Amino acid sequence: MLSIVVPTYCEADNIPLLAERLHGVLTSRGIQYELLISDDNSPDDTRDVVARLAVNFPIRLLQPESRDKDLSLSVIDGIKAATNDLVVVMDADLSHPPEVVALMLEQLREDDEVFVVGSRYVPGGSFDRDWSLFRFLNSHIATLITKPLVSCQDPMSGFFALCRSRIGDYERLNPIGYKIGLELMVRGNFSRVVEVPIRFQDREIGESKLNLGQQLKFLRHLRRLYTARFGTVGEFLSYGLVGASGFIVDLFFYYLFQLMGAPHQVARALSFWPAVSWNWLFNRITTFGERKRRSHGRQWLEFVLTSLFGFSINWGVYYLLTTHVAFFDEYRLAALVTGVGVASVFNFVMSSLYVYNEKRQ
Ligand SMILES: Nc1nc2c(ncn2[C@@H]2O[C@H](COP(=O)(O)OP(=O)(O)O)[C@@H](O)[C@H]2O)c(=O)[nH]1
Ligand SMILES: [Mg+2]
């Protein structure tokens with residue numbers, strides 16, 4: 001037996017088409033199933049449509065009593081409510097071919113520890129050619145930045161199958177936004193990801209709910225997964241990247257102030273401020289973004305103080321090494337790099353324990 005979970009929002013026109021096609025495919029192969037429509041209280045006639053279909057098909061409607069509209073939570077609700085251990089999740093808009101469900105099920109029957117993904121990007125898979133360049137790039141870049149987290153060509157796919165007991169503790173799941181498949185792949189106890197090629201078809205009825213807000217949520221989701229997977233190392237890398245971008249800001253203002261006529265020592269002293277503020281803000285949003293927020297002013301001041309202290313360490317290391325060690329006097333760049341390295345570790349530890357010291361959410 002199989003449970004098929006379909007999250008929906010305003011898909012009253014698509015649900016009957018999906019129900020019929022699934023029924024045809026599955027009954028012809030002798031597969032028993034239930035179809036769970038996990039709907040976020042759509043303001044269309046989804047409720048009546050499902051009630052009518054329930055006369056002929058094994059279909060059930062789930063609607064949350066109280067919570068905000070949320071695709072990922074709807075999928076989790078559906079999986080929890082399923083009566084079977086084998087679960088397939090797919091969209092209502094017929095962009096995921098129902099025929100592939102049977103193939104996915106076969107994979108799970110062979111090995112119930114795997115996570116099966118309906119993939120557009122493996123040989124045999126495809127997507128509609130009229131995808132905009134933006135959508136295409138977007139999808140590829142997103143796939144690239146998930147590489148360290150999962151080995152999957154199409155981790156953004158909303159079409160997947162799994163054995164429910166492999167999810168483990170639902171409390172550990174903490175998705176933001178749309179990518180519940182990625183969340184499950186990363187946090188579940190799956191041995192590996194198996195990809196089944198699909199021919200992805202753009203929806204014909206209704207419109208996509210993917211917008212810029214969702215994209216930003218995706219970035220926050222990724223950061224959360226990276227922190228979960230790589231812990232402090234992930235934070236340190238992010239801190240380093242922010243620092244590198246701050247260095248560019250620093251250089252930019254260093255030259256700008258000189259162009260405006262400031263002497264180079266003054267320019268050096270002034271450019272520190274925009275750079276350090278940039279670093280503070282971006283670390284607040286990115287590196288330590290999972291930690292609870294607190295007042296801007298005080299945190300900025302603390303960040304500046306630790307950075308100044310860090311800068312003295314940076315400079316002190318450089319000074320000591322170049323005056324006392326012949327090697328470093330000969331290779332001054334090595335002294336500079338060592339100074340930056342020691343100070344970065346110091347700054348990071350101070351930031352982590354002190355400036356952004358609130359617990360991760
Ligand atoms: N329950 C629920 N379903 C949603 C929500 N947003 C989208 N969906 C459903 O999730 C599936 C994928 O959404 P869609 O708009 O097609 O996204 P796209 O395929 O990425 O363009 C569809 O079945 C939608 O009806 C939501 O907030 N709650
Ligand atoms: Mg869609």
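In each ligand, atom 1 is the first atom listed, and ligand 1 is the first ligand listed. Residue numbers start at 1 and run along the sequence shown. A quick note: this is a predicted structure, and the numbers were derived from the prediction, not measured.
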Counting from 1, what ligand 1 atoms have a heavy atom of [X] closer than 4.0 Å?
X	answer
R203	14 (P), 15 (O), 16 (O)
Y178	6 (N), 7 (C), 17 (O)
E11	22 (C), 23 (O), 24 (C), 25 (O)
D93	16 (O), 19 (O)
S74	1 (N), 2 (C), 28 (N)

Residues E106 and R29 bridged, charged N to O under 4.0 Å: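 Salt bridge between E106 and R29, a charged N being under 4.0 Å from a carboxylate O: no.
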
Side-chain ion pair, E183 and K179, N-O less than 4.0 Å: no

For ligand 1, which is the ligand I care about here, please tell me if [X] has any N or O atom under 3.5 Å from one of the ligand's N or O atoms.
X	value
D40	yes
A92	yes
F200	no

More than 12 heavy atoms from other groups under 6.0 Å of NE2 on H140: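 Above 12, so yes.
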
If you look only at distance, which donor and acceptor atoms sit under 3.5 Å apart when one is on a side chain in residues 46-59 and the other is two or more places apart or in another chain?
{"from": "T46", "atom 1": "OG1", "to": "D44", "atom 2": "OD1", "distance (Å)": "2.6"}
{"from": "R47", "atom 1": "NE", "to": "Q63", "atom 2": "OE1", "distance (Å)": "3.4"}
{"from": "R47", "atom 1": "NH2", "to": "Q63", "atom 2": "OE1", "distance (Å)": "2.6"}

Parallel, tilted or perpendicular: rings of F115 and F190 (30°, 60°): perpendicular

Parallel, tilted or perpendicular, as decided by the 30° and 60° cut-offs, for the rings of Y226 and F230: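 If you compare the ring of F230 with that of Y226, the planes turn out tilted.
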
Shortest heavy-atom approach to atom 11 (C) of ligand 1 - which of D91, L62, T46, D68: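 Shortest heavy-atom distance from atom 11 (C) of ligand 1: D91.
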
Side-chain donor-acceptor pair present, E34, T83, cut-off under 3.5 Å: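 A pair is found: one side chain offers a donor N or O, the other an acceptor, under 3.5 Å apart.
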
Residues S74 and R67: side-chain donor-acceptor under 3.5 angstrom: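 Checked: S74/R67 side chains pair up, N/O donor to acceptor below 3.5 Å.
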
The Mg ion (ligand 2) - closest N/O/S atom in D93: OD2

Close approach of S38 to ligand 1, heavy atoms, under 4.0 angstrom: yes

